[in-house]
Structures are given as structure tokens and as C-alpha cells.
Amino acid sequence: MDDPKLVEDIVHALDIEGGSAKRRPVHTIGIGATGVFEPSPVAKDFCTAEHFQPTEKPLEVAVRFSNGMGLVKEHDGWSDVRGMAVRFKLSNDRATDLISMTLPVFFAPTPETFLQFATAARPKECNRETPWQKIRDFLKLQIPMPDPYPGQETRPNEGATEFADKHAYAQPAVLQASVIGAPVSYVRASYHAVHTFIVTDPDGTDRWVRFNWQPIAGVLNTNPLDPPVGVYLKEDLEKRLAHGIERFSLMMTIGETGDDFNDSTKQWPPHRKRVMMGLLTLNDVPKDQEAHAEKLSFNPWLLTDGIRPSEDPVLKIRKDVYEFSSNRRGGIPCPFSGTEG
Amino acid sequence: MSDDGGWLNNYVNSLPERGWFKFLSKYVVVPYWVWREPKPKLPGGPRPSSQPSDNVQRMMNLLMPLKDTSPIGRAKAVMALAQNVDEIFAGLDNVGTVHSARFLLVEDYICMISVYDGDFSNYIRDFIATIGSVFDDLMHLVEGGEALYPCEDHVEEFIDWVKAHDLFQAPDYAINLLHVQDEAAGRSPDAPPHELLSLPRELILQLHSNRNISLGGGYRGYPGYSAAQVRDKLGVGW
Ligand code: HEM
């Protein structure tokens, strides 16, 4: 571990009231599903990793969908980032993870600045704007802060916005997070792995890429003007997979010289070359959620030959942060157990 | 959706949808801000970039205001193009960098919407060389066109005119509007950031100056490839 104190500080900064050290500090609420992944016919031309090679039998995957916030109580209907962690099960009991979220861009370019952000954005008592403050906003052609949800006492919104007003790097993520809403289903959202990874093709050429899962069913949010429903996402997924399947395409965007490879606060323009790498088919929600979701420990550094992490310092520290968090909550199997904890 | 903060709070939340408040916003609030923080009209076309995929499949949205907007005037514009179909198709084939192009008659404009590769000025220059005659016909029908006739003798002026009538392309990511505005205003990139909540106002004020805009650079089905590469791969060559 490069800087154990920083790792610990970051996890503690993520711990919030209403969370639990026995659970994940963020993405606390989630549901596991299983399915298969089939690489597209062109995937192998871009990446030699095992999961992108043609196989007779599709690769098994374990997926965990989650709500980004760190509360143990479910608030599916609240506006929040969602997560999709995918584990591809490779041969010889090996695996590789791809962890993504509905926000396409990150809040801070380095672990240190992320710690500052996470500290500033710790949920605070909701500061409901008075009618007069709202009128003042309208007269300034601004949109007032949303009213708190019924029963919502604290939120990160005010602190995050205040931070972004001082730190331009946080603005893209804070802006997009502020309007992200709630998906009608975990399988009706698009998920971004955000960081840059380096894939190697059969000729040995490296490409700097970013991955994105796109739902075949299409992206659909709930109506933000309707009262938020407390709990529906798990049941929705169970129902869907009890009767059928749900699919996602894995898209890979190829960066170009001049793009930011090591800074995930910088989104690449949408005109970069894009390759369809494969199709994920979900077919079941296992009964034993403790084993298939709660105890699982994903890690963005669980990679395999043919794909490696960029030098993004945030990606770098995630290896230790996830490991520390997993150990703390007794997650098994930790992909890096065996390495120093 | 909010919790219930009382009737006054609910009433204030509904203000943006209330007729009297919309009236007030339109005739008082927006004009006040336009007076206080005027935004210069931002230029059309894609912004310069040295990166490959930014330089292919670029979008042109050229809105040329018709002099005569009556059905007769509109018919003249349609005729000018209909009589030049061969010129247009041959010209575009020869320019070689165009993925698609079409003319539209929308409200009081004759519009040319196209997707092309490479530099904007060179695209227009190629255009004049290959289908200048079509634009010559059109120039008689659009406002400010007379001064550009014949296009062949007014190449640089024509390019400037097209730039002025091509739609401003809003950045692909909303927040970057602030940066484009800053650049136009000569504000240093190191200046303190704008307040995030000011973005809606900045957008409204920009839309006052640029009534018509392109919302970002658009979607591409096969991003990053030039027309030449696509044709070559498809075996329909050049
Ligand atoms: C400095 C940056 C980040 C930190 C410190 C951080 C921290 C964490 C921690 C501590 C966990 C709990 C891990 C566990 O106990 O198993 C977690 C889970 C998760 N994070 Fe992050 N994260 C960061 C960036 C990101 C980014 C960029 C993404 C998306 C691309 C992301 C997506 C997720 C997801 C989906 C989960 C849930 C995984 C699961 O379902 O088990 N995180 N994160």
C-alpha cells in the first residue's frame, strides 16, 4: 500500500451517519445477478484479454448493481449515482472486474483532492431554501436547490456545490450528479467505467480506452416530479429475471493523443472511435444474496493479461481503498487477499 | 419531487410554470440581465482541434435568411436548387470529404446541413470551386447575398459569411459553455471558476444572442472515420 493513511482517511471520509462499517461505505445497497458475456467478433482484434476471445461457451459473470449512497436504508427513488460491478469468470478460477457507475466523469483528479471533495461533500443538514431565496434565484435566472425529499435530513448537495464553485475540476461531475435522477430499473441505465485502461491487441499495439455498458432496453429515469418510491429496484430486477433476460452492450471508446488518459475529471468528446466489445446477458438473481452480492469484493485492479490500468492516480488508489473497505466489512473473497492488506 | 414545505413554498416552486411569472421573466428579468451581462454572439462551426476524430464528420448547419419569405420567394429557392441537382451531386462527389449534405427550407431560411471532414475554410473553398454556381443562384435570394456575388470573386468574404450564418455549436458537455464564453470574452482560463448555479443564466443569455444553435456536435454512428476511409473499407473507392 503506497499511503495507508490516505487510504484510511478516504474511507473514513466516505463513512456517513446512516451507514455502517459492516457494510460498504458507498454503494451500500445493492443486488447481485448472474449471467453470461459473449465478446463481439471484433473484440479480439482490439484486446488479447481472455474475456474478449471467442469461446464455445459464453463466459459466466457475476454482477452487482447498487445505489451510490452510503446509507443502509434504501432510497431507490432518490436522485443518486448507480453502480454496476461486473466480474468476468475466466479459466482456472481466475476473474477480472469492470466497475462502472452512471456518472461518466469523476469529482477529483487525485486522491488528495478527492479526500478534500469527500470531506466537503459529507452529507450535512438539508438547507431548504426559503421561498424568498428561491424567488431571488429565479430573478437571477438560476435554479434553486431542490427541496429535500420527504424524510431526508441530510444530503451532500450543498457541500458538493460549494466545493465545485471553488474547484473547476469538480464542476462536470457535480453538475451531472445533481441532475442524475433515479432509473426505473437497474437495467435501464448506462454505466461508465470512467477511468482509462490500456488494452493490448494481438500485434502488441496499446490503446488507451474507456468502457461503458449500454442497456439494450434503453435508458429511462423516473419522473422527478412524481413522489419518489422508496424501494423498487431489487424487486424490479428479480421480476425481470424471473421471467426473462436483460442485456447490456459493452462499448469501448478509444482515446487519442491529446486526450486526458490519467484524469477522470475530463470527459472525452463523444466523437472518439467506439468499438462494440460484447454482449452481457443477465438471467438470474441468485437467492443467496449474501454470497452473490454482499460478501463479494470487486476491485478495479482485478485485471488480466491484455488489459492494464492507466496512470490515473485515482484509479491507482482505488486498489487499496477497495481492499481496505472489503477487509473492514469482512468481504470475501478479496481479490487481493494474499497481498498485503 | 419535494417534501411539503408549506403553501408558500409550493406556490414559489410552481412560479416558473405560471403565466404571470413567465411574462415577468420574459419582459423584465431576461432583458435586465441581457443589459447587465450582454453576451457576444458566438461564431458558428466546430471549434479548432488538433485531434483526429474532432476533424472528421464535422457538422455544418448553415442557415441562409431568405429575402422573400412568401411562398413565391420560397419556391424560387427550391427552384434554384432543383435546377442544379447535377451540379450539387457532381460537386459533392468531387469535394470527396462530405459524408452527407442536404438542403432544407425551414421557416424563413434556406438551410444547408452537412457532415464533412477536415478544415472548415477549405471545405467552403472547395465548395465554391465545385458548386459555386449553385451558391451564385442562391445568393440572389438570400439577405446579404448580393455583396458576395459571384462567389468565385469573393472567396474569403463568402467564407466569413458562411461562418457567420453557420450555427454556433454548443459544447458537447454543458459545463463547457462557460469556458467557450470565457474564451470569447478573453477571460483567462486561470480565472476563478464560475458558480455552478450560474449556468442556466449563462445559457439563457447566450440563447438571447444565438437564437439558433446546434446542441453539441451531434451523434455519429461510426465516429472517428473519414468519408474516404469508409468508402475505401466498403470497397466503393474514390
Ligand atoms: C477515489 C475514488 C473512489 C473511491 C475512494 C471509491 C471508494 C469505494 C469504496 C470504498 C467502495 C466499497 C468497496 C467494498 O467495500 O467492496 C466502493 C464501491 C464501489 N465503487 Fe467506488 N470509489 C471511487 C471511485 C469510483 C469510480 C470512479 C467508480 C465508477 C467507475 C466507482 C464505482 C463503485 C462501485 C460500482 C462500487 C460498488 C461495488 C460493489 O458493488 O461491490 N467508484 N467505492
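Within every chain, numbering begins at 1; the chains are lettered A, B, ... in the order of the sequence lines, protein sequences first and strands thereafter. Quick caveat, the model's predicted, so the values are computed rather than measured.
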*Asks:* For chain B, which candidate among A/P269, A/A164, A/G77 shows the most heavy-atom pairs at distances under 4.5 Å?
*Replies:*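 Option with the greatest count: A/P269.
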*Asks:* More than 12 non-hydrogen atoms from neighbouring residues, nucleotides or ligands closer than 6.0 Å to CD on A/Q116, yes or no?
*Replies:*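 Counting other residues, nucleotides and ligands, CD of A/Q116 exceeds 12 neighbours.
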*Asks:* Pick one of side chain, backbone, both or neither for B/L197, based on which atoms fall under 4.5 Å of a heavy atom in chain A.
*Replies:*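 Both parts, backbone and side chain.
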*Asks:* Could you pull out the closest heavy-atom pair between A/H271 and B/G217, with the gap in Å?
*Replies:*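 Smallest interatomic distance, heavy atoms only, reads NE2-CA, 4.2 Å.
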*Asks:* Counting heavy atoms not belonging to B/Y225, are there more than 12 under 6.0 Å from its OH?
*Replies:*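 It does not: B/Y225 OH has 12 such atoms or fewer within range.
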*Asks:* Please classify the contact of A/W132 with chain B as side chain, backbone, both or neither, using a heavy-atom distance under 4.5 Å.
*Replies:*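 Just its side chain gets close to chain B.
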*Asks:* Rounded to the nearest 0.5 Å, how far does CG of B/D172 lie from CD of A/Q267?
*Replies:*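 Interatomic distance, A/Q267 CD to B/D172 CG, rounded to 0.5 Å: 9.5 Å.
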*Asks:* Heavy atoms only: give me the nearest B/R220-A/R274 pair and the separation to one decimal.
*Replies:*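 It is O-NH2, 2.8 Å.
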*Asks:* So which bits of residues 52-63 of chain B come within less than 4.5 Å of chain A, counting non-hydrogen atoms only?
*Replies:*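 Near chain A, by residue number: B/P52, B/S53, B/D54.
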*Asks:* Are more than 12 heavy atoms from other residues, nucleotides or ligands located less than 6.0 Å from atom CD1 of A/I143?
*Replies:*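 No, CD1 of A/I143 has 12 or fewer neighbouring heavy atoms, counting only those of other groups under 6.0 Å.
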*Asks:* Please look at B/L203 and chain A and tell me whether the side chain, the backbone, both or neither of the residue comes under 4.5 angstrom of a heavy atom of that chain.
*Replies:*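 Interface part for B/L203: neither.
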*Asks:* Run the salt bridge (charged side-chain N to carboxylate O under 4.0 Å, His left out) test against A/D137 and tell me which residues pass, sequence neighbours left out.
*Replies:*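 Counting only residues at least two positions away or on another chain, A/D137 forms no salt bridge (charged side-chain N to carboxylate O under 4.0 Å, His left out).
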*Asks:* Is the shortest heavy-atom distance from the side chain of B/W33 to the side chain of A/K140 under 4.5 Å?
*Replies:*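 Answer yes - side chains close enough.
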*Asks:* Of the non-hydrogen atoms in A/F138 and B/V12, which two are nearest, and what is the gap between them?
*Replies:*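 A/F138 and B/V12 have their closest heavy atoms at CE1-O, 3.4 Å.
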*Asks:* Hey, what do you get for CD (B/Q51) to OG1 (A/T257), rounding to the nearest 0.5 Å?
*Replies:*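 These two atoms lie 8.0 Å from each other.
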*Asks:* Only pairs of heavy atoms separated by less than 4.5 Å count here; which of A/P104, A/P131, A/S178 has the most with chain B?
*Replies:*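 Highest number of heavy-atom pairs under 4.5 Å: A/P131.
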*Asks:* Shorter than 4.5 Å, heavy atoms on both sides: which option in A/M145, A/Q142, A/E256 has the most such pairs with chain B?
*Replies:*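 If we count pairs closer than 4.5 Å to chain B, A/E256 comes out on top.
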*Asks:* Considering only heavy atoms from C-beta outward, does the side chain of B/N9 approach that of A/R128 to under 4.5 Å?
*Replies:*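 Answer yes - side chains close enough.
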*Asks:* Mind checking what makes salt bridge (charged side-chain N to carboxylate O under 4.0 Å, His left out) contact with A/E311, not counting sequence neighbours?
*Replies:*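 Testing A/E311 for salt bridge (charged side-chain N to carboxylate O under 4.0 Å, His left out), a comparison that skips the adjacent residues, returns A/K316.
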*Asks:* Taking ring pair (Phe, Tyr, Trp, His ring centres under 6.0 Å) as the test, write out the residues that go with A/Y169, two or more places apart.
*Replies:*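 For A/Y169, the residues satisfying ring pair (Phe, Tyr, Trp, His ring centres under 6.0 Å) (neighbours in sequence not counted) are A/H167.
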*Asks:* Determine whether more than 12 heavy atoms belonging to other residues, nucleotides or ligands lie under 6.0 Å from atom CD of B/Q229.
*Replies:*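 Result for CD/B/Q229: enclosed.
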*Asks:* Between B/Y11 and chain A, which part of the residue has a heavy atom less than 4.5 Å away: side chain, backbone, both or neither?
*Replies:*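 Looking at B/Y11, nothing touches chain A.
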*Asks:* Can you establish whether the number of heavy atoms outside A/E153 located under 6.0 Å from its atom CD is more than 12?
*Replies:*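 Not buried by this count: 12 neighbours or fewer within 6.0 Å.
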*Asks:* Identify which part of B/Y32 has an atom lying under 4.5 Å from any heavy atom of chain A, answering side chain, backbone, both or neither.
*Replies:*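 The answer is neither part of B/Y32.
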*Asks:* Take atom NE2 in B/H208; do more than 12 heavy atoms of anything else shown fall under 6.0 Å from it?
*Replies:*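 Atom NE2 in B/H208 is not crowded, with 12 or fewer foreign heavy atoms closer than 6.0 Å.
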*Asks:* Against chain B, work out which of A/T130, A/V105, A/I135, A/T253 has the most heavy-atom pairs shorter than 4.5 Å and name it.
*Replies:*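 Greatest number of close heavy-atom pairs with chain B: A/I135.
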*Asks:* Could you give the distance from OH (B/Y173) to CD (A/Q176), rounded to the nearest 0.5 Å?
*Replies:*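 Going from OH on B/Y173 over to CD on A/Q176, the span is 8.0 Å.
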*Asks:* Would you give the length of the straight line joining atom CG of B/L196 to atom CD of A/E162, rounded to the nearest 0.5 angstrom?
*Replies:*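 It comes to 12.0 Å.
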*Asks:* Between A/L141 and B/P200, what is the shortest heavy-atom contact and its length?
*Replies:*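 Closest approach of A/L141 to B/P200: O-CB, 3.6 Å.
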*Asks:* So does B/E183 have more than 12 non-hydrogen atoms from other groups sitting under 6.0 Å from CD?
*Replies:*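 Result for CD/B/E183: open.
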*Asks:* Taking side chain as everything from C-beta outward and backbone as N, CA, C, O, which of these in A/K166 sits under 4.5 Å from a heavy atom of chain B? Side chain, backbone, both or neither.
*Replies:*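 Contact with chain B involves the backbone of A/K166 alone.
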*Asks:* Hey, mind stepping through B/H194 and A/D165 against side chain to side chain donor-acceptor pair (under 3.5 Å) and telling me if it holds?
*Replies:* CA-CA 6 Å; B/H194 293 264; A/D165 283 346; over 6 Å; no
*Asks:* Heavy-atom count around A/E235 CD within 6.0 Å, excluding the residue itself: above 12?
*Replies:*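 Atom CD in A/E235 is not packed in, count stays at 12 or less.
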*Asks:* Distance from A/D147 atom CG to B/N13 atom CG, nearest 0.5 Å?
*Replies:*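 If I round to the nearest 0.5 Å, the distance is 5.0 Å.
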*Asks:* Sort out for me which of A/K134, A/Q171, A/E129 touches chain B most, counting heavy-atom pairs under 4.5 Å.
*Replies:*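 Of the options given, most contacts go to A/Q171.
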